[in-house]
Amino acid sequence: NYFFRLSNYQDKLIEYLSKDGVILPEWRREEALNFVRGGLEDFSISREVSRMHWGIPVPGDELQVMYVWFDALTNYISTLDWPEGENFKKFWDEGEVMQMAGKDQVRFQSIMWQAMLMSAGVKNTDRVVYHGFITSGGQKMSKSIGNVIEPYSVVNEYGTDALRLFLAKHIHPFEDSDFTMEKFKEAYNADLANGLGNLAARIMQLAEKNLPEVTVPEPIEFPAAYTESLTRFDFSGATTYVWDRISALDQRIALEQPFKVVKTDAETGKQMIRECVAELYSIARLVQPIMPTTSDAIKAAVKDNKKPENLFPRKE
């Protein structure tokens, strides 16, 4: 076999992994750093062709093929036409390089691959984000067990935005999370059918009935609680912030009852409805990265001053 001299890069890897932000979450960085500090051994980068005839041939040796991981990792840059391609220069050399990988890939992505880049004189990855696994019913998804979630079936019944929201709000960005259809349906009805969908319908029905027109609010800077969560890849935190705004707006309508006030004090009631519409539009802006179709539908309803079609029918 042919070997890669990983041991040559121990000090450089320690220096690289000691930088804040090169791995998220932080505890995965510590995991990688501790592994490197424990000492590195050279590793085989080829296999005998007699045992793996389908592999990529080792240049100049017809009896050996490349170890699949050593070959596969180079796709990050070969797909950008490394070494001379314009895309490589634009996205890797001059861009901020971020990779996404599963939690079991730390040694491959942040140790082996980074040493390979060092050996080739190529810039290291700026950041690798490691996500957890999705289980079902507390078990690894398996066809033999019968607990596999078919995403296209979920999309066909509930829509793409509903699935996107569940993955963003209820699946932890870094830890393992459980996905069952029972949990999905419960979240769908709570977050969407009885939540955002119902809220949008109530507010726009009030606006359509009582306001001759509405003014679309001017864009404002997104709140730090939202943007900072996204920057940390905490999609659950960002969506939870938005749903807290949805809940607060729902509570305001229940407490202040603009649907009653507008009948006894028209101007005060109309102003309350305008404020609710403005907040609804702000919420539509916030959900845009997560639920683009829903965001567009709510924005269109506000601009047309009409109650939208039933965005999320309740599912039993």
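D244 contributes atom CG, which lies 12.5 Å from atom CG of L249 (distance to the nearest 0.5 angstrom). Here the CD1 atom belonging to I171 is positioned 11.0 Å from the OG1 atom belonging to T239, to the nearest 0.5 angstrom. Taken to the nearest 0.5 Å, the CE atom of M272 stands 9.5 Å off from the CG atom of D265. Distance check, rounded to the nearest 0.5 Å: CG of L40 to CE of M112 gives 11.5 Å.
Inspection of the E48 and Q64 side chains reveals no N or O donor paired with an N or O acceptor under 3.5 Å. Side-chain contact check for S110 and Y16: no donor-acceptor pair (N or O, by modelled atom type) lies under 3.5 Å. Using a 3.5 Å distance cut-off with no hydrogens or angles, the side chains of Y2 and D61 do pair a donor with an acceptor. Under the 3.5 Å distance criterion, with hydrogens and angles disregarded, a donor-acceptor pair is assigned to the side chains of E275 and Q271. Of the N and O atoms on the side chains of T294 and D161, at least one donor lies less than 3.5 Å from an acceptor on the other residue. Inspection of the Y241 and E228 side chains reveals no N or O donor paired with an N or O acceptor under 3.5 Å.
Residue D42 comes nearest to S7 through the heavy atom pair OD1-OG, 2.8 Å, listed as atom of the first residue, atom of the second, then distance. N147 and M141 make their closest contact through OD1-CA, 3.4 Å (heavy atoms, listed as atom of the first residue, atom of the second, distance). In plain terms, the two heavy atoms of V58 and S46 that are nearest each other are CG2-CB, 4.0 Å. Summarising the geometry of K19 relative to E15, their closest heavy-atom pair is CG-O, 3.7 Å, with the distance given to 0.1 Å. Between A284 and I298, the closest heavy-atom pair is CB-CG2, 3.8 Å. Scanning all heavy atoms of the two residues, the minimum distance from N1 to S44 falls at CB-OG, 3.4 Å.
Contact check for N124 versus Q114: side-chain heavy atoms found under the 4.5 Å cut-off. Within the 4.5 Å cutoff, no side-chain heavy atoms of H131 are placed close to those of K103. Considering only heavy atoms from C-beta on, F35 stays 4.5 Å or farther from V106 through its side chain. K270 has its side chain within reach of V262: a pair of non-hydrogen atoms, C-beta onward, lies under 4.5 Å apart. Here the side chains of V154 and M181 are in contact, with some heavy-atom distance below 4.5 Å. Looking at V22 and T125, their side chains never come closer than 4.5 Å, going by heavy atoms from C-beta outward. Between R232 and S229 the shortest side-chain heavy-atom distance falls below 4.5 Å. Between P289 and Y226, the closest side-chain pair of non-hydrogen atoms falls below 4.5 Å.
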Inset, instruction - Step by step, work out the ring pair (Phe, Tyr, Trp, His ring centres under 6.0 Å) result for F233 and F174. - result: CA-CA 9 Å; F233 300 90; F174 306 128; 7.5 Å; no
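Salt-bridge formation is detected for the pair R28/E31: a Lys NZ or Arg NE/NH1/NH2 atom is positioned less than 4.0 Å from an Asp or Glu carboxylate oxygen. Ion pair E256/R252 flagged as a salt bridge, since at least one NZ, NE, NH1 or NH2 atom sits closer than 4.0 Å to an Asp/Glu carboxylate oxygen. With respect to the salt-bridge test (charged N to carboxylate O, under 4.0 angstrom), the residues D191 and K169 qualify. Under a 4.0 Å N-O distance rule, the pair E26/R29 qualifies as a salt bridge.
Clustering ILVMFWY residues whenever any of their side-chain heavy atoms sit less than 4.5 angstrom apart, transitively, puts L33 in a cluster other than the one holding L24. I14 and M118 fall within a single hydrophobic cluster, where Ile, Leu, Val, Met, Phe, Trp and Tyr side chains are chained together by heavy-atom contacts under 4.5 Å.
Ring pair F4/F43 is tilted by interplanar angle, where 30° to 60° counts as tilted.
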Donor-acceptor contacts under 3.5 Å from residues 198-222 side chains, at least two apart:
residue : atom : partner : partner atom : Å
R202    : NH1  : D250    : OD1          : 2.9
E208    : OE1  : K307    : N            : 2.9
N210    : ND2  : L206    : O            : 2.9

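In this structure, W113 has its ring center at least 6.0 angstrom away from the ring center of F108.
In terms of modelled atom types and a separation under 3.5 Å, the side chain of S282 and the main chain of A278 share a donor-acceptor contact. Although no hydrogens or angles enter the test, the distance criterion places a donor-acceptor pair under 3.5 Å between the side chain of K123 and the main chain of W92.
Checked against F166 for a ring-ring contact (aromatic ring centres under 6.0 Å, His included), the options F179, Y188, Y158 give a single hit: F179.
Cation-pi contact between K140 and F133: absent, since separation from the ring centre below 6.0 Å together with deviation from the ring axis within 45° is not met.
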